[in-house]
Protein chains: 2
Amino acid sequence: MPRLVDVAEAAQVSVATVSRALNNSRSVDPVLADRVRAAAAKLRYQPNAIARNLRRRGTRVWALVITNINNPFYTALARGVEEAASELGFSVLLYNTEEDEARERRYLDVAAQERVAGAVVVPRANNSEVSSLLAAGIPVVVVDRRLDRGGDFVTAASFEGAVTATEHLLHEQWRRPACISRPADTPTAEQRRQGYQAVVDRHGLPSVVCQIPFHAEEGVAMVDELLDGQEPPDSFLTVDSMLALVVLHALRHRRLRTGRDVGLISFDDAAWAQAVEPPLSVVAQPAYEIGVAAARLLSERICGSFDETGPRTVTMSTTLIVRGSSRRPPSSHG
Amino acid sequence: MPRLVDVAEAAQVSVATVSRALNNSRSVDPVLADRVRAAAAKLRYQPNAIARNLRRRGTRVWALVITNINNPFYTALARGVEEAASELGFSVLLYNTEEDEARERRYLDVAAQERVAGAVVVPRANNSEVSSLLAAGIPVVVVDRRLDRGGDFVTAASFEGAVTATEHLLHEQWRRPACISRPADTPTAEQRRQGYQAVVDRHGLPSVVCQIPFHAEEGVAMVDELLDGQEPPDSFLTVDSMLALVVLHALRHRRLRTGRDVGLISFDDAAWAQAVEPPLSVVAQPAYEIGVAAARLLSERICGSFDETGPRTVTMSTTLIVRGSSRRPPSSHG
DNA sequence: TTGTATGCGTTATCAA
DNA sequence: TTGATAACGCATACAA
């Protein structure tokens, strides 16, 4: 690969002039600049980012650490981050932790070693450690799941969304809603569970919570168990779209239909939500916008415009979208 | 951030020894090595990958260029690439082109400038240019969509998969299958269309092809138009799962039911395929495995073990999974 | 405005 | 086995 010196030689100028011309920094004679650009083009010169980074003491790369790339919520978020990053001139390193602590730790260390300019992180749990980044002076924007000690934070209003969803179920006259959630150390899932709990408590209804591990094959079996219980739930709030699929699967086995025999509402407006019959009611999160917002905060921190500002929190509101799956037909009341 | 010299000072040795101890290269006195490791730990030393890369003249980073991160097929593929890369000690830069030529070009240039060790690329079209990478001596593994001039290539058997799917539709006694595809410069979509075409041609049936742009809002309208035609199709083969959603949407409007009024089979076994009623028949592609295979080829090229070997092609076979949506009930024959 | 020369933090070569 | 030192390719301070 051609280097700056090669371009300099071809253009009959010094490396400094080439550097200046190519980075259009300061004043450089238009004639020389043209000669340099021509030479660079002819040689197909691509600046060496490694050397540039070393000299500038910083990369143009962000780390994006997510827990599950198969979850459409996170891919939408990733799209937002990547798009915003790209517009700001940053590349994005993708790290998929698969909800695994060891992997998360390793990835955060690697990101620190790569000297990323900043990181957007969905922590596995609320006690995850982003200190290797912070200690290196690398700004971190925590996303989706709150962190005990982190930097800026962007999330959706999980508690409120769950409250709205649960109240909606009750309003539809369902009387035994269950909450299908995730392990209790998953901040967002836990907040949604609490929102659900607050509502059923207030109505003096029993709380039925099922916490399904992320990698569980037995998710369907766990819901089955619930349905086999003495007083099975008559409706469900699932805290992510993959759990909605689990519930739908369990219901199908028993020929139970949503929007008639049981109620169902889920977090996340998945692409398929309107393809099932009846269409799935959801609490939609602005996943893409969350990603973009995180990117904005990160870029501000990197520019140093908010050096003295403490951690900022951006909470996006969720949207209740009532479709068919949560409705209770009049005939089945009581 | 502490540097090698800081560790050296703390451990009372030279930088060379620190470097050797930390990279456990060559022989270094166990006592000194311990002292070095202790000092490094105490200082929370994180090696500076930028400097290391400059010195070693190469990064431990791959570029992954995909066209649409919202397509579950590509996220599954990305997961495969990322996971394999991580095991091999590489980080992955994610570039999402959104099927946009200019973005693709820009991303490939940036990747070249970042001096990635290799790239896994889903080209937008068959005339996409990966030359900026190849010219830089960066190995490229092309994935999913064939490229006129590229490196190694990993894909699924699109033509054959489409043949199988179309034959299945005919076997179920559907008589006017349509192919819902993508613009003709999308290699994989085009191969699937050709597979479909080969079968209908052989049976003397009319070919009904609808090419829906990637970002089209009017997808549903285009399918509507098909259904409004003089002799509307009685069944559909969609070349990706997002098109299946489009068709399902159009059918719902007309209260047409798959597996009864019309037949439907789609490429890609999306997570929701079994959640619709009836469950969706699909031609499954091993997306994750394609990603892993691409990673393997790339790593072999990087190691230089296949320097003299010409471009290799790996074709994974697809799997026909017949569920309910493609069935034609006996009552509706003829 | 241009050129020379230095240093960014490592690794690797070479001599001790 | 260890240490001093020279690159790696670029950006910039400084001198011209």
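Chain A is the first sequence line, chain B the second, and so forth, proteins listed ahead of strands; every chain is numbered from 1.
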What I want to find out is whether A:Arg79 reaches B:Glu98 closely enough, with some N-O distance under 4.0 Å, to be called a salt bridge. yes
Just by distance, do the side chain of B:Thr67 and the backbone of B:Arg124 share a donor-acceptor pair under 3.5 Å? no
For the pair made of CE in B:Met1 and P in C:dC8, what is the distance, rounded to whole Å? 16 Å
In whole angstroms, the gap separating C1' of D:dT2 from CZ of B:Arg35 amounts to 12 Å
Per-nucleotide protein contact string for nucleotides 10-16 of chain C, where B marks a base within reach and S marks sugar-phosphate only (heavy atoms under 4.0 Å, - for neither): BBBBB--
Upstream residue (5' side of DNA chain D) when B:Val13 and B:Arg57 are each assigned their closest nucleotide: B:Val13
Whole-Å distance, B:Ile50 CD1 to D:dA11 P, equals 13 Å
Within this structure, what is the CD-CD distance for the pair B:Glu129 and B:Glu104, rounded to the nearest 0.5 Å? 9.5 Å
So, is A:Thr17 near the phosphate of C:dG3, with a side-chain N or O under 4.0 Å from OP1 or OP2? yes
How close or far is atom P of D:dG9 from atom CG of A:Leu54, stated in whole angstroms? 12 Å
State whether a side-chain donor-acceptor pair under 3.5 Å links B:Asp144 with B:Tyr74. yes
Whole-Å distance between D:dC10 P and B:Glu114 CD? 13 Å
Are B:Arg106 and B:Asp109 close enough for a salt bridge, meaning some N to O gap below 4.0 Å? no
Taking OP1 and OP2 of C:dT1, is either one under 4.0 Å from a side-chain nitrogen or oxygen of A:Ser27? yes
Taking CG from A:Asn53 and P from D:dC10, how many angstroms apart are they, rounded to a whole number? 12 Å
Checking all strands, does A:Leu32 fall into the base, sugar-phosphate, or nothing category for heavy-atom contacts under 4.0 angstrom? sugar-phosphate
Salt bridge flag under 4.0 Å for residues A:Arg103 and B:Glu87: no
